[in-house]
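Just so you know, residue 1 is the first one in the sequence shown, and it goes up from there. We count ligands from 1, going down the list as the structure has it; atoms in each ligand are counted the same way.
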Amino acid sequence: MYKLVVETSTNLPNDVRRAIQAAKQKENAGTTAALSLATITKNISMADENVSPICQDTGMPTFKIKVPVGANQIEMKKAIYEAIEEATKNGKLRPNSVDSITGENSGNNLGPGTPIIYFEQWEKDEIEARLVLKGGGCENKNMQYSLPAELDGLGKAGRDLDGIRKCILHSVYQAQGQGCSAGFIGVGIGGDRISSASLAKEQLFRSSEDVNPDETLRKLEDYVMEHANNLGIGTMGFGGEATLLGCKIGKSNRLPASFFVSVAYNCWAFRRLGVTLDATTGEIKEWQYKDGEEIKFIEEEVAAATEEKPKTREVVLEAPITEEQIRELKVGDVVIINGDLHTGRDAIHHHLMDHDAPIDLNGQIIYHCGPVMLKDEAGEWHVKAAGPTTSIREEPYQGDVMKKFGIRAVIGKGGMGPKTLKALGEHGGVYLNAIGGAAQYYADCIKKVDGVDLLEFGVPEAMWHLKVEGFAAIVTMDSHGNSLHAEVDKTSFEKLSELKEKVF
Ligand code: SF4
(Lines give C-alpha, C1' and ligand atoms only; values in the text may rest on other atoms or scores of the structure.)
Protein backbone atom coordinates (compact mmCIF):
# COMPACT_ATOMS: atom_id res chain seq x y z
CA MET A 1 0.00 0.00 0.00
CA TYR A 2 2.90 2.35 0.75
CA LYS A 3 4.35 1.74 -2.73
CA LEU A 4 0.95 2.39 -4.27
CA VAL A 5 0.52 5.67 -2.39
CA VAL A 6 4.01 6.97 -3.18
CA GLU A 7 3.88 5.94 -6.83
CA THR A 8 0.45 7.53 -7.28
CA SER A 9 1.55 10.82 -5.76
CA THR A 10 4.79 11.08 -7.71
CA ASN A 11 4.40 9.29 -11.03
CA LEU A 12 1.61 10.05 -13.50
CA PRO A 13 -0.02 7.08 -15.27
CA ASN A 14 0.92 6.39 -18.87
CA ASP A 15 -2.49 7.17 -20.38
CA VAL A 16 -2.47 10.59 -18.68
CA ARG A 17 1.06 11.30 -19.93
CA ARG A 18 0.02 10.47 -23.48
CA ALA A 19 -3.03 12.76 -23.24
CA ILE A 20 -0.84 15.64 -22.02
CA GLN A 21 1.68 14.98 -24.77
CA ALA A 22 -1.06 15.07 -27.42
CA ALA A 23 -2.36 18.38 -26.01
CA LYS A 24 1.13 19.82 -26.06
CA GLN A 25 1.61 18.88 -29.71
CA LYS A 26 -1.69 20.54 -30.61
CA GLU A 27 -1.03 23.81 -28.78
CA ASN A 28 0.10 26.88 -30.68
CA ALA A 29 3.78 27.61 -30.12
CA GLY A 30 4.73 30.88 -28.50
CA THR A 31 1.53 31.23 -26.44
CA THR A 32 1.19 31.32 -22.67
CA ALA A 33 -0.81 28.08 -22.96
CA ALA A 34 2.19 26.42 -24.66
CA LEU A 35 4.49 27.80 -21.97
CA SER A 36 2.16 26.37 -19.30
CA LEU A 37 2.16 22.94 -20.91
CA ALA A 38 5.95 23.01 -21.14
CA THR A 39 6.10 23.88 -17.42
CA ILE A 40 3.66 21.07 -16.66
CA THR A 41 5.73 18.47 -18.53
CA LYS A 42 8.93 19.72 -16.93
CA ASN A 43 7.21 19.38 -13.57
CA ILE A 44 6.18 15.80 -14.37
CA SER A 45 9.78 14.82 -15.13
CA MET A 46 11.03 16.59 -11.99
CA ALA A 47 8.51 14.65 -9.88
CA ASP A 48 9.73 11.40 -11.52
CA GLU A 49 13.32 12.27 -10.80
CA ASN A 50 12.84 13.48 -7.21
CA VAL A 51 10.15 10.89 -6.31
CA SER A 52 8.27 13.90 -4.95
CA PRO A 53 4.60 14.91 -5.19
CA ILE A 54 3.58 16.06 -8.67
CA CYS A 55 1.32 18.63 -7.03
CA GLN A 56 1.50 19.92 -3.45
CA ASP A 57 -2.20 19.21 -3.03
CA THR A 58 -2.05 15.45 -2.76
CA GLY A 59 -5.81 15.42 -2.50
CA MET A 60 -8.34 13.13 -0.93
CA PRO A 61 -6.97 9.58 -1.10
CA THR A 62 -9.78 7.38 -2.43
CA PHE A 63 -9.17 3.62 -2.57
CA LYS A 64 -11.26 1.09 -4.45
CA ILE A 65 -10.38 -2.38 -3.32
CA LYS A 66 -11.67 -5.65 -4.77
CA VAL A 67 -11.14 -8.59 -2.46
CA PRO A 68 -11.60 -12.35 -2.57
CA VAL A 69 -14.48 -13.70 -0.52
CA GLY A 70 -13.38 -14.11 3.10
CA ALA A 71 -10.53 -11.56 2.96
CA ASN A 72 -10.06 -9.59 6.18
CA GLN A 73 -10.99 -5.99 5.36
CA ILE A 74 -10.17 -4.76 8.86
CA GLU A 75 -6.53 -5.79 8.38
CA MET A 76 -6.48 -4.14 4.97
CA LYS A 77 -7.79 -0.89 6.39
CA LYS A 78 -5.01 -0.94 8.98
CA ALA A 79 -2.41 -1.45 6.23
CA ILE A 80 -3.85 1.49 4.30
CA TYR A 81 -3.83 3.76 7.37
CA GLU A 82 -0.20 2.85 8.10
CA ALA A 83 0.80 3.52 4.50
CA ILE A 84 -0.96 6.89 4.48
CA GLU A 85 0.66 7.94 7.75
CA GLU A 86 4.12 6.86 6.59
CA ALA A 87 3.76 8.60 3.21
CA THR A 88 2.70 11.80 5.00
CA LYS A 89 5.67 11.60 7.36
CA ASN A 90 8.01 11.16 4.38
CA GLY A 91 6.66 14.17 2.47
CA LYS A 92 4.96 12.11 -0.25
CA LEU A 93 1.53 13.33 0.88
CA ARG A 94 0.63 16.71 2.33
CA PRO A 95 -1.24 16.60 5.64
CA ASN A 96 -4.67 17.27 4.19
CA SER A 97 -7.19 16.03 6.73
CA VAL A 98 -8.74 18.85 8.77
CA ASP A 99 -11.59 18.95 11.26
CA SER A 100 -14.58 20.33 9.37
CA ILE A 101 -15.60 22.73 12.16
CA THR A 102 -12.36 23.78 13.88
CA GLY A 103 -10.07 23.44 10.86
CA GLU A 104 -7.54 21.59 13.01
CA ASN A 105 -5.21 19.48 10.87
CA SER A 106 -4.77 15.89 12.07
CA GLY A 107 -1.20 16.04 10.70
CA ASN A 108 -1.18 12.47 9.38
CA ASN A 109 -3.96 12.45 6.78
CA LEU A 110 -6.11 10.27 9.00
CA GLY A 111 -9.40 11.28 10.55
CA PRO A 112 -13.13 10.72 10.31
CA GLY A 113 -13.84 10.01 6.63
CA THR A 114 -10.22 10.20 5.47
CA PRO A 115 -8.98 8.30 3.59
CA ILE A 116 -12.01 7.10 1.64
CA ILE A 117 -12.00 3.33 1.16
CA TYR A 118 -14.52 1.29 -0.83
CA PHE A 119 -14.44 -2.50 -0.67
CA GLU A 120 -16.10 -4.85 -3.09
CA GLN A 121 -15.94 -8.64 -3.21
CA TRP A 122 -15.15 -10.61 -6.32
CA GLU A 123 -14.68 -14.25 -7.23
CA LYS A 124 -10.95 -13.97 -7.99
CA ASP A 125 -8.17 -15.05 -5.60
CA GLU A 126 -6.17 -11.85 -5.89
CA ILE A 127 -6.71 -8.36 -4.49
CA GLU A 128 -7.04 -5.33 -6.73
CA ALA A 129 -6.31 -1.96 -5.12
CA ARG A 130 -6.82 1.29 -7.02
CA LEU A 131 -6.14 4.74 -5.72
CA VAL A 132 -6.96 8.22 -6.93
CA LEU A 133 -5.54 11.37 -5.31
CA LYS A 134 -7.92 14.12 -6.34
CA GLY A 135 -7.01 17.63 -5.24
CA GLY A 136 -9.33 20.23 -3.72
CA GLY A 137 -9.02 22.73 -6.57
CA CYS A 138 -10.58 20.38 -9.08
CA GLU A 139 -12.91 18.80 -6.51
CA ASN A 140 -14.46 22.23 -6.03
CA LYS A 141 -15.31 22.33 -9.73
CA ASN A 142 -17.41 19.15 -9.62
CA MET A 143 -21.02 19.71 -10.58
CA GLN A 144 -24.37 18.04 -10.11
CA TYR A 145 -27.40 18.92 -12.22
CA SER A 146 -30.99 17.94 -11.60
CA LEU A 147 -32.90 17.85 -14.88
CA PRO A 148 -34.81 19.66 -16.20
CA ALA A 149 -32.65 22.72 -15.63
CA GLU A 150 -32.08 26.15 -17.10
CA LEU A 151 -28.39 26.57 -17.91
CA ASP A 152 -26.53 29.82 -18.56
CA GLY A 153 -25.81 30.15 -22.25
CA LEU A 154 -27.46 26.87 -23.19
CA GLY A 155 -31.06 27.43 -22.14
CA LYS A 156 -33.33 24.59 -21.15
CA ALA A 157 -31.73 21.22 -20.52
CA GLY A 158 -34.45 18.59 -20.67
CA ARG A 159 -34.61 15.04 -19.37
CA ASP A 160 -32.98 13.50 -22.42
CA LEU A 161 -29.62 12.90 -24.04
CA ASP A 162 -29.46 16.45 -25.31
CA GLY A 163 -30.09 17.79 -21.79
CA ILE A 164 -27.20 15.63 -20.56
CA ARG A 165 -24.99 16.99 -23.34
CA LYS A 166 -25.73 20.55 -22.21
CA CYS A 167 -24.95 19.75 -18.56
CA ILE A 168 -21.56 18.30 -19.44
CA LEU A 169 -20.59 21.24 -21.64
CA HIS A 170 -21.75 23.65 -18.96
CA SER A 171 -19.64 21.87 -16.35
CA VAL A 172 -16.52 22.35 -18.46
CA TYR A 173 -17.35 26.01 -19.06
CA GLN A 174 -17.95 26.78 -15.38
CA ALA A 175 -14.64 25.16 -14.36
CA GLN A 176 -12.68 27.63 -16.56
CA GLY A 177 -9.02 27.25 -15.53
CA GLN A 178 -9.74 26.94 -11.82
CA GLY A 179 -9.49 23.15 -11.63
CA CYS A 180 -6.06 23.38 -13.30
CA SER A 181 -7.21 22.71 -16.83
CA ALA A 182 -6.71 20.97 -19.13
CA GLY A 183 -8.78 18.44 -17.19
CA PHE A 184 -10.40 15.02 -17.32
CA ILE A 185 -14.06 14.54 -16.49
CA GLY A 186 -16.02 11.56 -15.24
CA VAL A 187 -19.78 11.81 -15.71
CA GLY A 188 -22.45 9.86 -13.85
CA ILE A 189 -25.98 9.82 -15.29
CA GLY A 190 -28.87 8.64 -13.15
CA GLY A 191 -28.89 7.05 -9.70
CA ASP A 192 -29.77 9.17 -6.69
CA ARG A 193 -27.79 12.27 -5.69
CA ILE A 194 -25.14 10.24 -3.85
CA SER A 195 -24.74 7.33 -6.24
CA SER A 196 -24.73 9.67 -9.22
CA ALA A 197 -21.75 11.60 -7.80
CA SER A 198 -20.06 8.32 -6.95
CA LEU A 199 -20.62 6.98 -10.46
CA ALA A 200 -19.03 10.14 -11.87
CA LYS A 201 -15.92 9.67 -9.74
CA GLU A 202 -15.86 5.97 -10.61
CA GLN A 203 -15.46 6.90 -14.30
CA LEU A 204 -12.10 8.45 -13.42
CA PHE A 205 -10.81 4.92 -12.84
CA ARG A 206 -11.37 4.10 -16.50
CA SER A 207 -8.37 4.40 -18.81
CA SER A 208 -8.64 7.70 -20.62
CA GLU A 209 -8.05 5.75 -23.84
CA ASP A 210 -10.75 3.08 -23.50
CA VAL A 211 -13.75 2.94 -25.79
CA ASN A 212 -17.16 3.07 -24.16
CA PRO A 213 -19.01 -0.19 -25.01
CA ASP A 214 -22.30 1.73 -24.93
CA GLU A 215 -22.61 3.25 -28.41
CA THR A 216 -24.77 6.18 -27.28
CA LEU A 217 -22.41 7.14 -24.48
CA ARG A 218 -19.40 6.69 -26.76
CA LYS A 219 -20.87 9.19 -29.23
CA LEU A 220 -21.57 11.60 -26.40
CA GLU A 221 -18.01 11.27 -25.09
CA ASP A 222 -16.62 12.01 -28.59
CA TYR A 223 -18.94 14.97 -29.01
CA VAL A 224 -17.94 16.46 -25.65
CA MET A 225 -14.23 16.04 -26.35
CA GLU A 226 -14.51 17.84 -29.66
CA HIS A 227 -16.73 20.69 -28.56
CA ALA A 228 -15.28 21.31 -25.10
CA ASN A 229 -11.91 21.80 -26.74
CA ASN A 230 -13.43 24.43 -29.00
CA LEU A 231 -14.49 26.58 -26.04
CA GLY A 232 -11.01 28.13 -25.98
CA ILE A 233 -10.56 28.00 -22.19
CA GLY A 234 -7.18 26.34 -22.58
CA THR A 235 -4.48 25.28 -20.18
CA MET A 236 -4.80 27.15 -16.86
CA GLY A 237 -7.66 29.12 -18.41
CA PHE A 238 -5.18 31.20 -20.42
CA GLY A 239 -7.07 30.46 -23.66
CA GLY A 240 -5.85 27.89 -26.17
CA GLU A 241 -6.54 24.57 -27.79
CA ALA A 242 -6.45 22.16 -24.82
CA THR A 243 -9.37 22.43 -22.43
CA LEU A 244 -10.33 18.80 -21.90
CA LEU A 245 -8.02 15.78 -21.99
CA GLY A 246 -10.57 13.05 -21.34
CA CYS A 247 -14.31 12.45 -20.91
CA LYS A 248 -15.75 9.20 -19.56
CA ILE A 249 -19.48 8.73 -19.08
CA GLY A 250 -21.38 6.03 -17.19
CA LYS A 251 -25.05 5.55 -16.43
CA SER A 252 -27.19 3.96 -13.73
CA ASN A 253 -30.91 3.47 -13.52
CA ARG A 254 -32.82 6.21 -11.71
CA LEU A 255 -36.17 6.84 -10.13
CA PRO A 256 -38.78 8.07 -12.62
CA ALA A 257 -39.02 11.32 -10.62
CA SER A 258 -35.26 12.09 -10.49
CA PHE A 259 -32.73 12.78 -13.22
CA PHE A 260 -29.24 13.64 -12.02
CA VAL A 261 -26.16 14.33 -14.07
CA SER A 262 -22.97 14.53 -12.00
CA VAL A 263 -19.57 15.59 -13.22
CA ALA A 264 -16.30 14.85 -11.42
CA TYR A 265 -13.65 17.23 -12.69
CA ASN A 266 -10.01 16.20 -12.39
CA CYS A 267 -7.04 18.44 -13.11
CA TRP A 268 -4.23 17.55 -15.51
CA ALA A 269 -2.36 16.16 -12.45
CA PHE A 270 -4.58 13.09 -12.69
CA ARG A 271 -2.99 10.83 -10.13
CA ARG A 272 -4.54 7.39 -10.18
CA LEU A 273 -2.85 4.05 -10.20
CA GLY A 274 -3.66 0.50 -9.24
CA VAL A 275 -2.05 -2.81 -8.33
CA THR A 276 -3.04 -6.43 -8.20
CA LEU A 277 -1.74 -8.11 -5.08
CA ASP A 278 -1.11 -11.66 -4.06
CA ALA A 279 -3.80 -12.14 -1.41
CA THR A 280 -1.56 -14.38 0.69
CA THR A 281 1.74 -12.47 0.67
CA GLY A 282 0.59 -8.95 -0.20
CA GLU A 283 3.24 -8.76 -2.95
CA ILE A 284 2.50 -6.57 -5.97
CA LYS A 285 1.88 -8.85 -8.96
CA GLU A 286 1.07 -6.17 -11.51
CA TRP A 287 0.73 -2.40 -11.89
CA GLN A 288 -2.25 -0.91 -13.64
CA TYR A 289 -2.35 2.14 -15.94
CA LYS A 290 1.29 1.53 -16.80
CA ASP A 291 0.77 -0.22 -20.12
CA GLY A 292 1.85 1.23 -23.46
CA GLU A 293 4.40 3.95 -23.99
CA GLU A 294 5.54 5.90 -20.96
CA ILE A 295 6.37 9.42 -22.09
CA LYS A 296 9.16 10.72 -19.92
CA PHE A 297 9.12 14.37 -21.05
CA ILE A 298 12.89 14.32 -21.00
CA GLU A 299 14.84 17.51 -20.52
CA GLU A 300 15.89 17.94 -24.19
CA GLU A 301 12.32 17.78 -25.31
CA VAL A 302 11.29 20.25 -22.63
CA ALA A 303 14.11 22.60 -23.61
CA ALA A 304 13.05 22.44 -27.26
CA ALA A 305 9.44 23.15 -26.33
CA THR A 306 10.34 26.15 -24.23
CA GLU A 307 12.74 27.61 -26.79
CA GLU A 308 10.02 29.61 -28.43
CA LYS A 309 9.18 32.06 -25.68
CA PRO A 310 5.75 33.66 -25.51
CA LYS A 311 5.66 36.92 -27.38
CA THR A 312 5.31 38.90 -24.20
CA ARG A 313 7.37 41.22 -22.04
CA GLU A 314 9.45 39.78 -19.23
CA VAL A 315 9.78 41.88 -16.06
CA VAL A 316 11.92 41.07 -13.04
CA LEU A 317 10.46 41.96 -9.63
CA GLU A 318 11.93 41.88 -6.17
CA ALA A 319 10.03 42.90 -3.02
CA PRO A 320 9.54 45.51 -1.67
CA ILE A 321 7.75 46.58 -4.83
CA THR A 322 6.56 50.14 -5.45
CA GLU A 323 3.17 51.20 -6.78
CA GLU A 324 4.91 52.64 -9.88
CA GLN A 325 6.43 49.26 -10.73
CA ILE A 326 3.02 47.62 -10.41
CA ARG A 327 1.27 50.26 -12.55
CA GLU A 328 3.69 49.47 -15.38
CA LEU A 329 2.60 45.84 -15.53
CA LYS A 330 -0.01 44.73 -18.07
CA VAL A 331 -1.96 41.53 -18.58
CA GLY A 332 0.21 39.08 -20.54
CA ASP A 333 3.54 40.20 -19.06
CA VAL A 334 5.69 37.41 -17.69
CA VAL A 335 7.08 38.32 -14.27
CA ILE A 336 10.21 36.74 -12.84
CA ILE A 337 10.37 37.07 -9.08
CA ASN A 338 13.54 37.03 -7.02
CA GLY A 339 13.77 37.54 -3.26
CA ASP A 340 10.96 37.37 -0.71
CA LEU A 341 7.62 35.59 -1.02
CA HIS A 342 5.17 34.87 1.79
CA THR A 343 2.54 32.16 1.57
CA GLY A 344 -1.01 32.83 2.65
CA ARG A 345 -4.20 30.99 1.89
CA ASP A 346 -7.61 30.57 3.49
CA ALA A 347 -6.77 30.67 7.21
CA ILE A 348 -4.21 33.48 6.80
CA HIS A 349 -6.57 35.70 4.82
CA HIS A 350 -9.34 35.16 7.31
CA HIS A 351 -6.92 35.92 10.15
CA LEU A 352 -5.46 39.06 8.56
CA MET A 353 -8.89 40.67 8.27
CA ASP A 354 -8.95 41.42 11.98
CA HIS A 355 -5.40 40.84 13.23
CA ASP A 356 -2.01 42.39 12.59
CA ALA A 357 0.33 40.61 10.20
CA PRO A 358 3.20 38.70 11.81
CA ILE A 359 5.68 40.64 9.59
CA ASP A 360 5.68 43.94 7.66
CA LEU A 361 3.91 43.14 4.38
CA ASN A 362 4.29 46.57 2.81
CA GLY A 363 5.34 46.15 -0.84
CA GLN A 364 5.44 42.38 -0.42
CA ILE A 365 4.12 39.47 -2.48
CA ILE A 366 1.65 36.92 -1.14
CA TYR A 367 1.70 33.45 -2.63
CA HIS A 368 -1.54 31.44 -2.45
CA CYS A 369 0.15 28.16 -1.67
CA GLY A 370 -0.08 25.37 0.87
CA PRO A 371 3.29 23.66 0.47
CA VAL A 372 4.46 20.18 1.43
CA MET A 373 7.20 20.82 4.03
CA LEU A 374 9.57 18.47 5.83
CA LYS A 375 11.61 19.25 8.93
CA ASP A 376 15.05 17.64 9.10
CA GLU A 377 16.74 16.39 12.26
CA ALA A 378 18.47 19.73 12.78
CA GLY A 379 15.04 21.42 12.84
CA GLU A 380 15.44 23.03 9.39
CA TRP A 381 12.41 23.17 7.12
CA HIS A 382 12.62 21.99 3.49
CA VAL A 383 10.10 22.56 0.71
CA LYS A 384 9.04 19.33 -1.00
CA ALA A 385 6.29 20.70 -3.25
CA ALA A 386 4.95 24.24 -3.65
CA GLY A 387 2.57 25.02 -6.51
CA PRO A 388 -0.21 27.63 -6.33
CA THR A 389 -3.64 26.98 -4.86
CA THR A 390 -7.00 28.19 -6.22
CA SER A 391 -7.18 31.93 -5.58
CA ILE A 392 -10.90 32.55 -5.94
CA ARG A 393 -11.47 31.29 -2.39
CA GLU A 394 -9.76 34.47 -1.15
CA GLU A 395 -12.04 36.74 -3.19
CA PRO A 396 -14.01 37.99 -0.15
CA TYR A 397 -10.79 39.07 1.61
CA GLN A 398 -8.09 39.77 -0.95
CA GLY A 399 -8.72 43.41 -1.84
CA ASP A 400 -9.14 44.47 1.80
CA VAL A 401 -6.06 42.56 2.93
CA MET A 402 -3.93 44.08 0.16
CA LYS A 403 -5.02 47.61 1.03
CA LYS A 404 -4.71 47.13 4.79
CA PHE A 405 -1.09 45.88 4.64
CA GLY A 406 0.21 47.49 1.43
CA ILE A 407 0.68 44.17 -0.36
CA ARG A 408 1.49 44.81 -4.04
CA ALA A 409 1.15 41.41 -5.69
CA VAL A 410 -0.59 38.12 -5.14
CA ILE A 411 0.29 34.90 -6.90
CA GLY A 412 -2.14 32.03 -7.28
CA LYS A 413 -4.00 30.17 -9.94
CA GLY A 414 -7.36 30.36 -11.66
CA GLY A 415 -7.77 34.11 -11.25
CA MET A 416 -9.94 36.24 -9.00
CA GLY A 417 -13.19 38.16 -9.34
CA PRO A 418 -14.46 41.72 -9.76
CA LYS A 419 -13.95 42.73 -6.12
CA THR A 420 -10.24 41.98 -6.30
CA LEU A 421 -9.91 43.53 -9.77
CA LYS A 422 -11.42 46.77 -8.45
CA ALA A 423 -9.06 46.77 -5.48
CA LEU A 424 -6.04 46.18 -7.74
CA GLY A 425 -6.99 49.34 -9.63
CA GLU A 426 -7.63 51.45 -6.53
CA HIS A 427 -4.59 50.34 -4.58
CA GLY A 428 -2.06 49.58 -7.32
CA GLY A 429 -1.81 45.82 -7.18
CA VAL A 430 -1.40 42.93 -9.56
CA TYR A 431 -2.53 39.31 -9.76
CA LEU A 432 -0.01 36.82 -11.06
CA ASN A 433 -1.03 33.40 -12.28
CA ALA A 434 1.45 30.62 -11.60
CA ILE A 435 1.05 27.23 -13.29
CA GLY A 436 -1.32 25.13 -11.18
CA GLY A 437 0.08 21.77 -10.17
CA ALA A 438 3.68 22.64 -11.07
CA ALA A 439 4.72 21.94 -7.50
CA GLN A 440 8.18 20.57 -8.25
CA TYR A 441 8.99 23.31 -10.72
CA TYR A 442 8.18 26.02 -8.14
CA ALA A 443 9.77 24.17 -5.22
CA ASP A 444 12.98 24.26 -7.23
CA CYS A 445 12.76 28.08 -7.38
CA ILE A 446 12.63 28.28 -3.57
CA LYS A 447 16.18 28.63 -2.38
CA LYS A 448 15.60 29.11 1.32
CA VAL A 449 12.92 28.92 4.01
CA ASP A 450 13.37 32.09 6.07
CA GLY A 451 10.86 31.12 8.73
CA VAL A 452 7.24 30.40 9.43
CA ASP A 453 4.45 32.16 11.33
CA LEU A 454 1.01 30.98 12.39
CA LEU A 455 2.03 27.35 12.19
CA GLU A 456 -0.85 26.64 14.55
CA PHE A 457 -3.07 26.77 11.44
CA GLY A 458 -1.30 23.64 10.16
CA VAL A 459 1.48 23.22 7.59
CA PRO A 460 -0.53 24.07 4.46
CA GLU A 461 -2.25 27.08 6.06
CA ALA A 462 0.74 28.63 7.88
CA MET A 463 2.57 31.72 6.58
CA TRP A 464 5.88 30.50 5.19
CA HIS A 465 8.56 33.10 4.46
CA LEU A 466 10.51 32.01 1.40
CA LYS A 467 13.46 33.25 -0.67
CA VAL A 468 13.00 32.53 -4.36
CA GLU A 469 15.00 32.84 -7.54
CA GLY A 470 13.60 32.87 -11.06
CA PHE A 471 10.01 32.27 -9.96
CA ALA A 472 7.97 32.85 -13.15
CA ALA A 473 4.29 33.81 -13.27
CA ILE A 474 2.03 35.59 -15.73
CA VAL A 475 0.13 38.83 -15.12
CA THR A 476 -3.51 37.89 -15.65
CA MET A 477 -5.12 40.81 -13.73
CA ASP A 478 -3.54 44.24 -13.72
CA SER A 479 -4.11 47.61 -12.06
CA HIS A 480 -5.77 49.01 -15.20
CA GLY A 481 -8.96 46.96 -14.92
CA ASN A 482 -7.87 44.18 -17.28
CA SER A 483 -8.48 40.54 -16.44
CA LEU A 484 -7.53 37.69 -18.75
CA HIS A 485 -9.89 35.47 -16.72
CA ALA A 486 -12.88 37.74 -17.36
CA GLU A 487 -11.92 37.88 -21.05
CA VAL A 488 -11.63 34.07 -21.44
CA ASP A 489 -14.86 33.62 -19.50
CA LYS A 490 -16.63 35.97 -21.90
CA THR A 491 -15.32 34.40 -25.11
CA SER A 492 -15.85 30.83 -23.90
CA PHE A 493 -19.41 31.76 -22.87
CA GLU A 494 -20.06 33.03 -26.39
CA LYS A 495 -18.77 29.76 -27.84
CA LEU A 496 -20.85 27.78 -25.34
CA SER A 497 -23.96 29.69 -26.40
CA GLU A 498 -23.36 28.59 -30.00
CA LEU A 499 -23.96 25.01 -28.85
CA LYS A 500 -27.51 25.72 -27.73
CA GLU A 501 -29.24 23.97 -30.64
CA LYS A 502 -30.38 20.38 -30.19
CA VAL A 503 -27.81 17.82 -31.33
CA PHE A 504 -29.01 14.45 -29.98
S1 SF4 B 1 -3.06 20.40 -10.13
FE2 SF4 B 1 -4.35 22.07 -9.39
S3 SF4 B 1 -6.41 21.22 -9.02
FE4 SF4 B 1 -4.93 19.55 -9.23
S5 SF4 B 1 -4.42 19.05 -7.14
FE6 SF4 B 1 -2.87 20.48 -7.92
S7 SF4 B 1 -3.57 22.53 -7.35
FE8 SF4 B 1 -5.30 21.12 -7.11
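- The pair Glu487-Lys490 does not count as a salt bridge, with every side-chain nitrogen at least 4.0 angstrom from each carboxylate oxygen.
- Using a cutoff of 4.0 Å between basic side-chain nitrogens and carboxylate oxygens, Asp444 and Lys42 are not scored as salt-bridged.
- Every heavy atom of Gly387 sits 4.0 Å or more from the atoms of ligand 1.
- In this structure, NZ on Lys141 lies 13.5 Å from SG on Cys267, to the nearest 0.5 angstrom.
- Counting only heavy atoms of the protein, atom 2 (Fe) of ligand 1 lies nearest to Cys180 SG, 2.4 Å.
- Each of the following atoms of ligand 1 lies closer than 4.0 Å to a heavy atom of Cys55: 1 (S), 5 (S), 6 (Fe), 7 (S).
- Remark: Arg272 engages Asp15 in a salt bridge, criterion side-chain N to carboxylate O under 4.0 Å.
- Checking Cys267 against atom 4 (Fe) of ligand 1, an N/O/S atom falls under the 2.8 Å cut-off.
- Looking only at protein heavy atoms, the nearest one to atom 3 (S) of ligand 1 is Cys138 N, 3.4 Å.
- For Lys419 and Glu395, the salt-bridge test fails: no basic side-chain N is under 4.0 Å from an acidic carboxylate O.
- Contact analysis leaves Gly59 out of contact with ligand 1, as no non-hydrogen atom separation drops below 4.0 angstrom.
- Within ligand 1, counting atoms from 1 as listed, the ones closer than 4.0 Å to a heavy atom of Ala269 are 1 (S).
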**side-chain hydrogen bond (donor to acceptor under 3.5 Å, both in side chains) evaluation trace for Tyr145 with His170** = CA-CA 10 Å; Tyr145 301 88; His170 183 268; 2.7 Å; yes
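- Distance from atom 5 (S) of ligand 1 to its nearest protein heavy atom, with residue and atom name: Arg271 NH2, 3.1 Å.
- Distances from ligand 1 to the non-hydrogen atoms of Met236 include no value under 4.0 Å.
- Residue Lys134 does not touch ligand 1, judged by heavy-atom distances below 4.0 Å.
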side-chain hydrogen bond (donor to acceptor under 3.5 Å, both in side chains) for Gln203 and Arg206? Distances and angles first, verdict last. CA-CA 5 Å; Gln203 301 307 305; Arg206 282 172 53 192; 2.9 Å; yes
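- When each atom of ligand 1 is checked for a heavy atom of Gly437 under 4.0 Å away, the hits are 1 (S), 6 (Fe).
- Put simply, no part of Glu139 is less than 4.0 Å from ligand 1, judged by heavy atoms.
- Side-chain contact of Gln440 with Glu49: a donor-acceptor pair under 3.5 Å is absent, judged by distance alone.
- Of all protein heavy atoms, the one closest to atom 8 (Fe) of ligand 1 is Gly137 N, 3.8 Å.
- Contact check on Arg345 versus Glu461 returns a salt bridge, with a Lys/Arg side-chain nitrogen under 4.0 Å from an Asp/Glu carboxylate oxygen.
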